[in-house]
There are 4 protein chains.
Amino acid sequence: MPAASPQPRRPRSGSRRDETARLAVLHAADDLLAEHGFGALTVEAIARRAGVAKQTIYRWWPSKVEILLDTLIEDSDKHLPVPTEKPTAESIRGYLRGFERFLTSNPAGKVLLALIAEAQHDPDTAKSFHKRYLGPRREQEREMFARGTDAGEVSPRIGPDATIDALIGPIVYCALTGSSIPSGLVDTLVEDLLRPRSN
Amino acid sequence: MPAASPQPRRPRSGSRRDETARLAVLHAADDLLAEHGFGALTVEAIARRAGVAKQTIYRWWPSKVEILLDTLIEDSDKHLPVPTEKPTAESIRGYLRGFERFLTSNPAGKVLLALIAEAQHDPDTAKSFHKRYLGPRREQEREMFARGTDAGEVSPRIGPDATIDALIGPIVYCALTGSSIPSGLVDTLVEDLLRPRSN
Amino acid sequence: MPAASPQPRRPRSGSRRDETARLAVLHAADDLLAEHGFGALTVEAIARRAGVAKQTIYRWWPSKVEILLDTLIEDSDKHLPVPTEKPTAESIRGYLRGFERFLTSNPAGKVLLALIAEAQHDPDTAKSFHKRYLGPRREQEREMFARGTDAGEVSPRIGPDATIDALIGPIVYCALTGSSIPSGLVDTLVEDLLRPRSN
Amino acid sequence: MPAASPQPRRPRSGSRRDETARLAVLHAADDLLAEHGFGALTVEAIARRAGVAKQTIYRWWPSKVEILLDTLIEDSDKHLPVPTEKPTAESIRGYLRGFERFLTSNPAGKVLLALIAEAQHDPDTAKSFHKRYLGPRREQEREMFARGTDAGEVSPRIGPDATIDALIGPIVYCALTGSSIPSGLVDTLVEDLLRPRSN
DNA sequence: GGTTAAGCGAGACGGTACGTCAAGTCTTCCC
DNA sequence: GGGAAGACTTGACGTACCGTCTCGCTTAACC
């Protein structure tokens with residue numbers, strides 16, 4: 001899952017990439033972020049913690065941000081899949097609840113917040129973050145809404161992107177400001193935005 | 001306005017603080033953030049740009065974050081006052097529109113985004129950011145809503161904090177992800193959340 | 001004595017250079033060379049041994065070679081002055097004996113050998129070594145011979161540079177190859193080259 | 001001509017050593033030294049230039065110094081043989097002239113200088129350099145002088161080693177310092193040291 | 001009106017981490 | 001089994017900022 005080589009190259013000879021080292025780096029980065037915050041997340045610390053040489057990290061990842069992106073994508077796909085089959089208002093609400101839990105309770109949620117943050121500081125991070133995470137995920141979410149709309153399950157009052165921003169935005173914002181997501185917020189938004197007003 | 005001295009000290013003798021230097025630092029920080037991003041915002045660069053000794057910065061600000069907070073608070077009060085007089089649904093919508101413009105068009109908006117970001121990386125920043133900016137502003141916003149509710153102008157369907165998060169969240173989220181705020185989003189949210197459903 | 005500033009700059013303000021640090025670096029370099037050889041002479045090791053930050057070394061010396069040059073020049077001037085007053089064949093022989101002892105017994109002699117060696121590997125070293133050490137010293141030696149010749153004390157059979165090379169060369173060569181200087185070598189050369197053949 | 005195997009070994013089975021690779025490495029090392037100096041002479045560069053795997057180099061040579069020694073010994077035997085037959089003062093002078101030319105004009109001369117230099121930096125190099133080059137050559141030179149003395153061709157005023165050092169030393173010293181060998185130096189030394197004074 | 005304490009520009013200092021490079025070892029595959 | 005390819009650990013490189021410190025000058029209140 002190196003950032004630089006979507007399809008891992010197949011050298012005719014020579015050693016293959018050490019999968020143990022790859023996982024050690026990913027977990028070390030994850031753990032350090034969770035334990036000591038992004039400030040302590042230096043490449044040298046990751047290398048130390050992973051029991052890996054610094055050079056091994058630089059060989060495979062252009063920056064620590066790409067390491068975090070790798071872990072985020074793996075964890076995100078695993079713990080927070082976008083519901084694709086028969087999406088109902090209910091399953092969408094479930095997805096948002098899952099997102100809420102992912103951000104507040106899962107260590108991997110911290111990774112997402114850290115990447116949103118780092119994207120503000122560094123244009124390269126922003127670019128890569130969009131290309132590898134935000135873009136693909138938004139695409140899946142758009143599809144989810146499209147299917148739900150086609151099936152008549154939901155009738156969004158505004159465009160799909162606007163709807164997603166309106167639903168996701170408050171959750172992310174609360175997580176970023178460290179405040180708990182007010183109960184009822186998600187339910188109310190789902191109800192208001194996905195169902196046509198009856199009047 | 002220094003973060004470190006709530007009650008400005010009164011030396012018995014000696015020079016008073018150099019206002020020119022203070023403003024030079026504030027503007028240098030602002031300019032550097034706008035021009036080269038948070039990554040280039042080092043204390044040494046600020047000092048260089050401001051034509052000021054590094055020590056002068058450390059004498060008055062405990063960190064570069066506090067410099068940004070100072071500029072943010074000044075700009076925020078100046079360009080984005082919370083409407084306190086007779087708040088109507090219309091004036092609230094105007095406030096949100098102003099917020100949208102502040103984040104996307106005003107250089108000072110970058111400062112807010114940078115601080116939200118940095119708060120993810122550093123707990124001290126988070127603390128100070130809440131205490132000096134988010135907290136007071138949220139308090140004013142709560143009052144605004146309370147007055148509007150008392151006057152019967154608005155009838156929020158959910159609690160004041162939840163309402164604010166639901167309105168502010170998407171705007172901030174779009175700004176953070178660099179996407180433009182979908183037209184209609186603010187209007188729809190204001191309509192849905194501040195007016196009771198007629199059914 | 002910093003290599004970079006022949007006439008030490010006099011900043012109008014700011015701290016002056018820390019003489020303690022300067023000496024610590026010089027001695028650390030000297031000691032490391034003597035103890036572990038040029039191979040162990042890294043900037044990081046010098047900094048460690050001197051109890052000094054690496055940047056402090058880079059601030060004042062462009063490379064570790066210049067550090068060695070500084071120590072060599074100081075030690076050389078101190079322990080191996082070129083005899084300037086009334087040079088006789090005897091005093092010249094004494095100078096060569098002193099040179100022999102300097103190269104074989106004095107730790108500073110190792111510095112000279114190391115610089116001769118490093119000059120073979122790196123053109124910049126060669127340049128600096130000639131400009132700061134070999135050139136000036138050769139100039140002094142030429143003057144010494146000229147005075148001796150004028151006073152009729154010595155009558156070199158070949159030109160001054162050739163004479164010096166013929167006298168110094170074997171001593172340096174023996175030191176470089178680690179062999180002891182054969183007894184009688186210096187005496188014979190002085191006798192042969194500085195006195196006219198009587199036939 | 002690897003350091004470890006004077007006579008190419010005859011393995012009972014398996015491939016023999018690739019002579020092409022051996023020569024490619026030797027020439028690559030030689031060329032790189034001549035073109036870019038000792039500083040650019042890394043094992044990786046040699047491997048790259050020779051079109052050979054790094055491991056192939058490490059399999060046959062313990063260090064890059066041994067590579068250089070191999071080339072030096074070959075070139076030295078080829079271009080600068082010690083005159084063994086009927087050595088006269090004249091043939092010895094010719095040998096010294098040849099040595100002078102070897103050092104200043106022949107690319108292989110750079111190898112000798114580089115090895116003398118590297119021997120100052122690293123004890124292992126010094127040891128190997130003496131054992132494989134300096135020692136054997138000195139032995140041949142001693143024999144040359146002994147034959148000449150026995151035949152009455154030359155009458156050294158000082159011991160053989162001292163004489164050789166006195167003759168070789170200045171030439172090497174001038175080459176090391178990059179200065180041209182003064183004309184007349186060699187002639188005068190040969191005349192003075194190899195012929196008895198007539199008085 | 002001289003004293004004196006603070007502010008200030010300048011910059012040296014001990015540090016930490018950066019991202020790069022080469023060294024030397026080890027592993028895998030191909031011939 | 002030799003050799004090409006190349007991943008791995010190690011450690012030094014030279015740079016950028018960090019936050020602290022000391023220096024000598026300027027400035028303004030106080031006596």
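Keep in mind the model is a prediction, meaning the values are calculated, not measured. In what follows, chains are A, B, ... by sequence order, proteins preceding strands, each numbered from 1.
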Less than 4.5 Å apart, side chain to side chain, heavy atoms only: is that true for B:Phe129 and B:Val65?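 No, side chains not in contact.
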Are [X] and [Y] within salt-bridge range, i.e. N to O under 4.0 Å?
X	Y	answer
B:Arg132	B:Glu66	yes
B:Arg49	B:Glu35	yes
C:Glu74	C:Arg22	yes
A:Asp30	A:Lys110	no

[N] [atom2] sits how many Å from [X] [atom1], rounded?
X	N	atom1	atom2	answer
D:Arg22	F:dG3	CZ	C1'	17 Å
A:Trp61	E:dC18	CH2	C1'	18 Å
A:Trp60	F:dG6	CH2	P	10 Å
A:His121	F:dC17	NE2	P	16 Å
B:Arg17	F:dA28	CZ	P	16 Å
D:Ile57	E:dA22	CD1	C1'	13 Å
D:Leu41	E:dC21	CG	P	18 Å
A:Lys64	E:dT16	NZ	C1'	12 Å

For D:Gly39, answer base if it contacts any base atom (sugar-phosphate contacts may also be present), sugar-phosphate if it contacts only those atoms, and nothing otherwise; contact means non-hydrogen atoms under 4.0 Å.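 Nothing: the residue D:Gly39, judged by heavy atoms under 4.0 Å, touches no strand.
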Within the structure shown, what part of the strands sits under 4.0 Å from D:Thr56 by heavy-atom distance: base, sugar-phosphate, or nothing?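 Since only primed, P, OP1 and OP2 atoms lie under 4.0 Å of D:Thr56, the category is sugar-phosphate.
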Polar pair under 3.5 Å, donor/acceptor by atom type, side chain [X], base [N]:
X	N	result
D:Arg59	F:dG3	yes
C:Lys54	F:dG14	yes
A:Ser15	E:dT28	no

5′-ward residue of the pair B:Glu44/B:Gln55 relative to DNA chain E: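 Closest to the 5' end, via its nearest nucleotide, is B:Gln55.
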With nearest nucleotides of DNA chain E determined for A:Ala45 and B:Glu19 from heavy-atom distances, which residue corresponds to the more 5′ nucleotide?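 Closer to the 5' end of DNA chain E: B:Glu19.
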Which nucleotide sits closest to the side chain of C:Thr42: F:dA7, E:dT20, F:dC13?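 So the nucleotide nearest the side chain must be F:dC13.
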Taking for each residue the nucleotide of DNA chain F bearing the nearest heavy atom, is the 5' side occupied by D:Ala21 or by A:Val52?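 Per heavy-atom nearest nucleotide, the more 5' residue is D:Ala21.
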